[in-house]
Amino acid sequence: MGIIIKPIVTEKLTAQGEKLNRYGFIVNADANKLQIKDAVEKMYNVVVADVNTVNYHGKRKSRYTKSGQVRGRANHYKKAYITLAGDDKIDFYANI
């Protein structure tokens, strides 16, 4: 499996992409900042200035069904916030 799993396309990150040149990705939990930087630079042909990462712990969830209460949890995942250098841009919708 690759380093970058999928980009995060939300209203907040879209605004940050336009103003601050910052983009978000869901990445492999074992990846470090240097690996994430190299993967983004190779995939999108841009220059990465900064990488910030956040580890999310999966929330516990429960629901009530006919057979009783079902308990579980959401998956753990890691986010990476990438700041690009200069006038570089990433267009997620270019190859749709």
Please determine whether the number of non-hydrogen atoms from other residues, nucleotides or ligands lying under 6.0 Å from atom CG of N55 exceeds 12. yes
Smallest separation among heavy atoms of F92 and P7, with atom names: CE2-CB, 3.5 Å
Side-chain contact, heavy-atom cut-off 4.5 Å: T14 with E11? no
Roughly how far, to the nearest 0.5 Å, is the CD1 atom of I36 from the OH atom of Y81? 12.0 Å
Can you list, pair by pair, the side-chain donor-acceptor contacts under 3.5 Å of residues 37-53, counting residues two or more places apart and other chains?
from: E41; atom 1: OE2; to: V48; atom 2: N; distance (Å): 3.2

Minimum-distance pair of heavy atoms, taken over all atoms of I5 and N28: CD1-N, 3.9 Å
Any link between I82 and L34 through a network of hydrophobic side chains (Ile, Leu, Val, Met, Phe, Trp, Tyr) touching at under 4.5 Å? no
For D91, what residues pass the side chain to side chain contact (heavy atoms under 4.5 Å, CB included) criterion, not counting sequence neighbours? Y93, A94
Heavy-atom closest pair (Y23 atom, I90 atom, distance to 0.1 Å) is OH-N, 3.4 Å
Side-chain donor-acceptor pairs of residues 71-80 under 3.5 Å, sequence neighbours excluded:
from: R71; atom 1: NH2; to: Q69; atom 2: OE1; distance (Å): 3.3
from: H76; atom 1: ND1; to: H57; atom 2: ND1; distance (Å): 3.3
from: H76; atom 1: ND1; to: G58; atom 2: N; distance (Å): 2.9
from: K78; atom 1: NZ; to: A31; atom 2: O; distance (Å): 2.6

Which residues pass the side-chain hydrogen bond (donor to acceptor under 3.5 Å, both in side chains) test with S67, sequence neighbours left out? T65
Do you know the tightest heavy-atom contact between D88 and N21? O-OD1, 2.9 Å
